[in-house]
Amino acid sequence: MRLSNFFLPVLKETPSEAEIISHQLMMRSGMISQSSSGIYSWLPLGLKVLKKIENIVRDEQNKAGVNEILMPTIQPADLWKESGRYDDYGKEMLRIQDRQEREMLYGPTNEEQVTDIFRRSIKSYKDLPTLLYHIQWKFRDELRPRFGVMRGREFLMKDAYSFDLDHDECKKSYYKFFISYLKTFRRMGLKAIPMAAETGPIGGDLSHEFVIISETGESDIYFDKRILSEDSKIEDVAYDNDLEQVVQQYNNYYTASDEKFDQTEFDNNVAKDQQTKSKGIEVGHIFSFGTKYSEAMKANVLTSEGKQAYVHMGSYGIGISRLVGAIIESSHDTKGIIWPNVVSPFDIGLINLKSSDEKINNICNDIYSNLLNENVDVLYDDKKDNPGVKFSKMDLIGLPLQMIIGNKTIETNEVEIKYRKSGEVKYIKVENLPNFVQEIKKSSAI
RNA sequence: CGGGGCGUAGCGCAGUCUGGUAGCGCAUCUGGUUUGGGACCAGAGGGUCGCAAGUUCGAAUCUUGCCGCCCCGACCA
């Protein structure tokens with residue numbers, strides 16, 4: 001993409017309504033545009049990142065054997081009356097009426113909807129487990145939206161639902177998602193800590209929040225430092241292994257959020273030098289809730305003994321739009337965003353420092369089309385701005401690697417390579433560039 | 001929902017106390033000179049001062065009502 005064709009409304013100054021760094025940087029880099037409180041439009045740069053994150057989440061769900069579906073944003077109130085949540089949910093739920101004055105709602109979550117889908121077609125234990133997920137926009141009319149996309153009212157979420165014959169089977173599904181979440185966040189370059197969470201009426205150990213450590217996180221978290229090195233091999237864990245064992249390795253470490261924290265418990269379970277306190281952002285939440293919805297909504301199957309049994313369910317969320325903000329919170333510097341390679345909106349930023357110079361233009365055009373031929377997603381700054389403008393803009397939007405061509409480099413027939421994260425600079429002869437591109441593609445450096 | 005703050009040009013702000021017909025920086029447009037870290041010179045465009053009613057000869061400024069946005073708190077992926 002040529003920058004001259006790219007809709008990228010960057011701001012030199014920080015809009016006054018943006019308080020936290022990710023919100024500021026998303027506004028300044030032209031990723032989003034606020035529509036109303038907690039509701040945003042996604043502009044090209046932001047949308048590219050959102051899609052990349054979405055696709056990683058999707059890929060990992062598929063690999064875990066979960067089926068993608070797509071449920072509606074607008075749901076009938078009747079389903080929610082069946083589960084009893086129509087009255088329980090409160091003002092967070094946006095209630096609307098259609099032209100026939102039927103009561104509808106903009107879905108804040110999808111347990112009812114998915115349970116309805118399940119009960120219509122699954123009647124036998126032989127069809128279990130059933131694992132479904134979708135990636136859809138949700139709306140929760142928060143009392144106070146804030147932090148940009150980190151706590152918006154409208155947000156994109158992956159939510160998955162499991163249906164199993166009994167509690168033991170349900171646990172297996174739960175573990176599957178547990179592992180898939182570790183893999184998912186790992187792939188995005190994030191260190192996510194699974195923290196035991198409130199389990200509600202079911203009890204047991206079947207609820208975890210996945211929290212990213214971030215200086216600017218919302219809540220205080222306490223944990224055993226050793227859990228950070230636990231997921232070093234998580235990519236290699238196959239789903240047909242005994243997952244309980246793997247999950248148990250994580251559960252062995254003490255973790256607690258602010259509300260649950262207890263200093264005595266901390267001291268008893270964790271050696272002083274391993275005790276860590278940090279700030280965290282919740283990016284995922286998994287829990288199982290037994291037969292709560294299946295009983296209310298009559299979702300049952302026949303067992304091998306020919307008896308009716310209510311299915312045991314679990315639900316598993318990942319905040320996709322929130323992750324965009326969360327990643328920026330954990331990866332930026334004073335100049336702007338530093339995207340992890342896998343979610344970066346472009347692989348490479350190509351900077352033409354003097355677009356009034358025909359010779360430099362020709363070199364840049366060649367490099368640009370060669371990169372495109374190699375399937376490298378490149379943003380080519382072909383505009384007539386001053387060098388300073390180009391440098392700061394490219395630093396702001398945070399592409400992992402910059403290729404810079406100007407008078408200085410063509411004298412020696414070189415291209416300047418600059419890594420956004422480390423600031424490391426090196427020079428490559430123009431004729432060696434194809435080799436260099438092959439190398440970085442192979443090494444996943446972009 | 002309780003407490004606080006703010007709405008003046010695309011963005012950041014001054015002007016409001018003390019009423020007299022709107023200004024600064026950046027951005028934008030035109031011409032020219034520039035081109036390795038947010039350039040320079042000359043010129044130009046852009047605002048019913050959030051909306052409505054009221055007070056007044058006269059309202060961005062005073063009064064009342066409404067709307068929107070942000071921050072702190074309680075609550076959530």
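Residue numbering restarts at 1 for every chain, and letters A, B, ... go by the order of the sequence lines.
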Taking the [atom1] atom in each of [N] and [M], what is the distance between them to the nearest angstrom?
{"N": "rU63(B)", "M": "rU16(B)", "atom1": "C1'", "result": "14 Å"}
{"N": "rC26(B)", "M": "rC62(B)", "atom1": "C1'", "result": "33 Å"}
{"N": "rG10(B)", "M": "rG4(B)", "atom1": "C1'", "result": "29 Å"}
{"N": "rC24(B)", "M": "rA9(B)", "atom1": "C1'", "result": "12 Å"}
{"N": "rC17(B)", "M": "rG12(B)", "atom1": "P", "result": "24 Å"}
{"N": "rG47(B)", "M": "rG54(B)", "atom1": "C1'", "result": "24 Å"}

On the 0 to 90° scale, with breaks at 30° and 60°, tag the [X]-[Y] ring pair as parallel, tilted or perpendicular.
{"X": "His312(A)", "Y": "His167(A)", "answer": "perpendicular"}
{"X": "Phe163(A)", "Y": "Phe118(A)", "answer": "parallel"}
{"X": "Phe266(A)", "Y": "Phe261(A)", "answer": "perpendicular"}

[N] [atom2] sits how many Å from [X] [atom1], rounded?
{"X": "Phe147(A)", "N": "rC75(B)", "atom1": "CZ", "atom2": "P", "answer": "14 Å"}
{"X": "Glu282(A)", "N": "rA77(B)", "atom1": "CD", "atom2": "P", "answer": "5 Å"}
{"X": "Lys383(A)", "N": "rA27(B)", "atom1": "NZ", "atom2": "C1'", "answer": "12 Å"}
{"X": "His23(A)", "N": "rC71(B)", "atom1": "NE2", "atom2": "P", "answer": "8 Å"}
{"X": "Ile327(A)", "N": "rA77(B)", "atom1": "CD1", "atom2": "P", "answer": "19 Å"}

So [X], base contact, sugar-phosphate only, or nothing? Heavy-atom distance under 4.0 Å.
{"X": "Leu11(A)", "result": "nothing"}
{"X": "Ser356(A)", "result": "base"}
{"X": "Glu17(A)", "result": "sugar-phosphate"}
{"X": "Thr14(A)", "result": "sugar-phosphate"}
{"X": "Arg28(A)", "result": "base"}
{"X": "Ser392(A)", "result": "base"}
{"X": "Asp385(A)", "result": "base"}
{"X": "Gly406(A)", "result": "base"}
{"X": "Gly325(A)", "result": "nothing"}
{"X": "Lys418(A)", "result": "base"}
{"X": "Asp159(A)", "result": "nothing"}

Report yes or no: is there a donor-acceptor pair, N or O only, under 3.5 Å between the side chain of Arg151(A) and the base of rC76(B)?
yes

For a quick check, tell me whether the side chain of Glu13(A) and the base of rG25(B) share a donor-acceptor pair closer than 3.5 Å.
yes

Stacking of Phe155(A) on rA77(B) base (centres under 5.5 Å, planes under 30°)
yes

At less than 4.0 Å, is any side-chain N or O atom of [X] found next to OP1 or OP2 of [N]? Yes or no.
{"X": "Ser37(A)", "N": "rG68(B)", "value": "no"}
{"X": "Arg144(A)", "N": "rC71(B)", "value": "yes"}
{"X": "Gln34(A)", "N": "rG68(B)", "value": "no"}
{"X": "Ser16(A)", "N": "rC11(B)", "value": "no"}

Any strand is fair game: report the nucleotide pairing with rC11(B) by Watson-Crick or G-U wobble, both distances under 3.5 Å, or none.
rG25(B)

Please determine, for rG36(B), whether a Watson-Crick or G-U wobble partner exists with both distances under 3.5 Å, and give it or none.
none

Under a 4.0 Å N-O cut-off, is there an ion pair linking [X] with [Y]?
{"X": "Arg85(A)", "Y": "Glu111(A)", "result": "yes"}
{"X": "Arg226(A)", "Y": "Asp224(A)", "result": "yes"}
{"X": "Arg146(A)", "Y": "Glu19(A)", "result": "no"}

Measure from the side-chain heavy atoms of Arg322(A) and tell me the nearest of rC26(B), rA77(B), rC72(B).
rA77(B)

Nearest to the side chain of Lys12(A), which nucleotide is it out of rC69(B), rC26(B), rG36(B)?
rC26(B)

Please check if any side-chain donor atom of Tyr161(A) sits under 3.5 Å from a side-chain acceptor atom of Asp159(A), or the reverse.
yes

